[in-house]
Amino acid sequence: MPRFQAPRGTRDLLPDERAAFLRLERIAQDLATRYGYQLVETPLFEQSEVFERGVGSATDVVEKELFRVQAGRGDAERERWALRPEPTAGIVRAYVQHGMQNLPQPVRLTLTGPMFRYDRPQAGRYRQFWQFDVEAIGDAGPGIDAEIVELGARFYREAGLRDVVIRLNSIGDLACRPAYVERLRAHFVQHQDRLPPLERERLSANPLRLLDSKDAAMQPLIAAAPTITEHLCPACVEHLAGVRAHLDALGIAYRIEPRLVRGLDYYTRTAFEFFPPEVDGAQQALGGGGRYDGLVELMGGRPTPGIGFGLGLDRVVLALAAQGEQPPAPPHVAVVVTSADPADTVTRLRVATDLRAAGLAVRADLAVRKLSRQLEGAAREGAHFAVICGDEMAHGHVQVRDLEAGTQRAVDLADLERELSRAEARHRHGPA
Ligand code: HAM
């Protein structure tokens, strides 16, 4: 076994898998742009407090899974930074920092990139994973809520995933949730002796989290627990009805899930998750999101509503494979430049450089080896054409071999770029 390995819970995306991710990133970017979202990037690390405040100190994501960055010397420096476990807190920090409240609202932002959580590694759960994220900040909804859910559903469809299930809930707001949380606490306190140790611990800090427990012993207690739906205030009831009316008008199917809660503290009202079909208890969400009407204020801005989602790309790749989908082939060069003289790598590199400058995807064979070996290499790589430089270059010609058809002809050097571009277009799209 090699001495060095990728850290546990991380993996290298080798060309095949990277191509699958790139395809998803392009779909994400193209879709988000069509919906009016603008690309941003925020740092991969932030002050830890951005996550402690934003995501919440009593969440697993902050309490157990934050990658704290040790940098600098003094103790003061030690706990200051953390790798982002999710992008929303950082994007909202940027929104406040750059005065985006003064722009026309809502501000629609999107980002796709790696996130870091010190999770227990297993299939679909990594310590570094990728999310496609969108955030619409400055619109209280409910139309935008439906627009975002529909955007998520369309992403999965365009990616090729069939029958993704949308689960929707309202988790209330500051007017109604505190009273509900107390009722929930009272319910679980009644059954305290039946709670597993971890859930008992959570009960004091964050009773809502118990609804998300996968522990079998918890399931009857969860089924008997009061639901938030029965305890929403009139404004939250109206908001949820508005979201549903918009989704219904768009023909988007969803399931109301009164026990759906999210793992991050900033959510208010609308909460939703996307699941692969045939959801069983242990199934992982493909993506999730919701409204966070108090987050901008928590980050030091004026009270401003917001909503967004994060869709896990690793899980989409896995779900596509489970569905039997073939991943896209990684791109390869169309043309390999070879020469009859085994030693003449200079000419090959020069010709290849000129062709690349003209926009073609070209590799120069830079090995000192016989022409037959150079051509074999080109065919193995899946290149469509080989340019063969030989003595006729003195008369302004090279040979171009169609590696699939096995045919070969002389081409004037002055026409080479145009001929290859044309031939390559024919190859890609078929004869005109
Ligand atoms: P989240 O539900 O914590 O929400 O994560 C969103 C998605 O990221 C999950 O549904 C899952 O697909 C993926 N994910 C999370 N953890 C892992 C992991 N360890 N390995 C692989 N994939 C993972 C958020 O992060 C919110 N920021 C979403 C949001 C945006 N809400 C409002 N705006």
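Atoms considered below: every heavy atom in the structure, side chains included; atoms not considered: hydrogens, waters and symmetry mates. Atoms within a ligand are numbered from 1 in the order they appear, just like the ligands themselves.
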At the 4.0 Å heavy-atom cut-off, does Asp314 count as touching ligand 1? no

Would you check whether Ile307 has a nitrogen or oxygen atom less than 3.5 angstrom from a nitrogen or oxygen atom of ligand 1? no

Arg269 side chain to Gly290 main-chain N or O, any donor-acceptor pair under 3.5 Å? no

Students should be able to answer this: which protein heavy-atom is nearest to atom 32 (C) of ligand 1, and at what distance? Gly308 O, 3.2 Å

Heavy-atom count check: over 12 atoms from other residues, nucleotides or ligands less than 6.0 Å from Glu238 CD? no

Considering Ala89, Gly310, Gly306 one by one, which has a heavy atom nearer to atom 7 (C) of ligand 1 than any of the others? Gly310

Give the residue, atom name and distance (to 0.1 Å) of the protein heavy atom nearest atom 12 (O) of ligand 1. Leu286 O, 2.9 Å

Report the part of Tyr266 (side chain from C-beta onward, or backbone N, CA, C, O) that has a heavy atom under 4.0 Å from ligand 1; answer both or neither where that applies. side chain

By number and element, which atoms of ligand 1 are closer than 4.0 Å to a non-hydrogen atom of Asp133? 30 (C)

Is Met115 touching ligand 1 with its side chain, its backbone, both, or neither, if touching means heavy atoms under 4.0 Å apart? neither

Does the ring of Tyr118 carry Arg127 above it, NZ/CZ under 6.0 angstrom from centre and within 45° of its axis? yes

Where is the nearest protein heavy atom to atom 5 (O) of ligand 1: which residue, which atom, and how far? Gln131 NE2, 3.3 Å

Examine distances only and state if a side-chain atom of Arg68 and a backbone atom of Ala82 form a donor-acceptor pair shorter than 3.5 Å. no

Ligand 1 contacted by Arg262 (non-hydrogen, < 4.0 Å): yes

Ligand 1 versus Glu135: contacting region, heavy-atom distance under 4.0 Å: side chain

Glu46/Arg93 salt bridge by N-O under 4.0 Å criterion: yes

Going by heavy-atom distance to atom 17 (C) of ligand 1, choose the closest among Phe129, Tyr126, Tyr292. Phe129

Tyr292/Tyr267 aromatic ring centres below 6.0 Å: no

In terms of residue, atom name and distance, what is the protein heavy atom nearest to atom 21 (C) of ligand 1? Gly124 O, 3.3 Å

Protein heavy-atom partner closest to atom 24 (C) of ligand 1 - residue, atom, separation in Å: Leu264 CD1, 3.5 Å

Compute the minimum heavy-atom distance from Trp130 to ligand 1 and say whether it is under 4.0 Å. no

When you measure from the centre of the six-membered ring of Tyr126, is the NZ or CZ of Arg11 closer than 6.0 Å and no more than 45° off the axis? yes

Going by the closest heavy atom to atom 3 (O) of ligand 1, which one wins out of Arg117, Glu86, Arg120, Arg315? Arg117

Among Gly312, Gly263, Ala319, Gly9, which one puts a heavy atom closest to atom 13 (C) of ligand 1? Gly312

Consider every N or O of Tyr267 and every N or O of ligand 1, then say whether any pair is closer than 3.5 Å. yes

